[in-house]
Amino acid sequence: MRTFAAISALAVAALAAAPATAAAPKPRKVTLADNYFLPAKMKVAKGTKITWKWGPEAYDVHDVKLKSGPKGVKKFHSSPGTAGFSFKRTLKTPGVYKIVCTLHEEMTMTIRVRR
């Protein structure tokens, strides 16, 4: 019985000492329509997965390109797509991400990633 009590006490102590794991940030969605991103601006936590989804009214071809981002972030660029297409990226580095559709330069968005 003592052995069981000792093992139980060690297990409880180990669980209490274990660091709490932070919940993953909630994924966010950006809709692409003809010549705009919705929302055009957003703030997210570090590690948020962003999905750009071409809405049913996106008849023109659009893409998603990282025009500028925090230092050290590798640029990304989706394939061109239309209604129903989607593109995903997880933003892990805090800072400002400027996104553009290269086919419609007026179509821009900004994402701020918090620490």
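- In summary, the side chains of D63 and T102 do present a donor paired with an acceptor at a separation below 3.5 Å, with no hydrogens or angles considered.
- Between D60 and H104, some side-chain heavy-atom pair lies under the 4.5 Å cut-off.
- Across A58 and A33, no two heavy atoms sit closer than the pair CB-CA, 4.2 Å.
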Side chain to side chain contact (heavy atoms under 4.5 Å, CB included) assessment of H62 paired with N35: CA-CA 8 Å; H62 300 289; N35 299 4; 3.2 Å; yes
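- In this pair, F87 and F76 present their aromatic rings tilted. The plane angle is within the 30 to 60° band.
- By the criterion of side-chain heavy atoms lying less than 4.5 angstrom apart, applied directly or through intervening Ile, Leu, Val, Met, Phe, Trp or Tyr residues, I111 is not grouped with Y36; the two fall into different hydrophobic clusters.
- Between P80 and V61 the shortest heavy-atom distance is CB-CG1, 3.4 Å.
- Side-chain contact between T90 and T48 is absent, with no heavy-atom pair separated by less than 4.5 Å.
- The closest side-chain heavy-atom distance from R115 to K46 is not below 4.5 Å.
- For the ring-ring contact (aromatic ring centres under 6.0 Å, His included) test, no residue two or more places apart in sequence or in another chain qualifies with H77.
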Stepwise side chain to side chain contact (heavy atoms under 4.5 Å, CB included) test for M42 and R112: CA-CA 6 Å; M42 68 171 39; R112 290 191 182 277; over 6 Å; no
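- Using a 4.5 Å cut-off on side-chain heavy atoms (C-beta onward), V100 and V64 make no contact.
- Contact annotation: the side chain of K88 approaches that of K49 to within less than 4.5 Å [non-hydrogen atoms, C-beta and beyond].
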Mind running side chain to side chain contact (heavy atoms under 4.5 Å, CB included) on F85 and W52 for me, showing each step along the way? CA-CA 8 Å; F85 187 73; W52 288 268; over 6 Å; no
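- Note on M109 and L66: same hydrophobic cluster, where clusters join Ile, Leu, Val, Met, Phe, Trp and Tyr whose side-chain heavy atoms are under 4.5 Å apart, directly or indirectly.
- Closest approach of K75 to K67, counting heavy atoms only: NZ-O, 2.8 Å.
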What do the steps show when you test W54 against S78 for side chain to side chain contact (heavy atoms under 4.5 Å, CB included), and what is the final call? CA-CA 12 Å; W54 283 241; S78 74; 4.0 Å; yes
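- Using a 4.5 Å cut-off between side-chain heavy atoms of Ile, Leu, Val, Met, Phe, Trp and Tyr, with links allowed through other members, M107 and I50 fall into the same hydrophobic cluster.
- In this structure, E57 and L32 approach most closely via the heavy-atom pair OE2-O, 4.4 Å.
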Contacts table for residues 91-98: side-chain donor-acceptor under 3.5 angstrom, sequence neighbours left out:
unit_1 : atom_1 : unit_2 : atom_2 : d
Y97    : OH     : T93    : N      : 3.4
Y97    : OH     : T93    : O      : 2.7

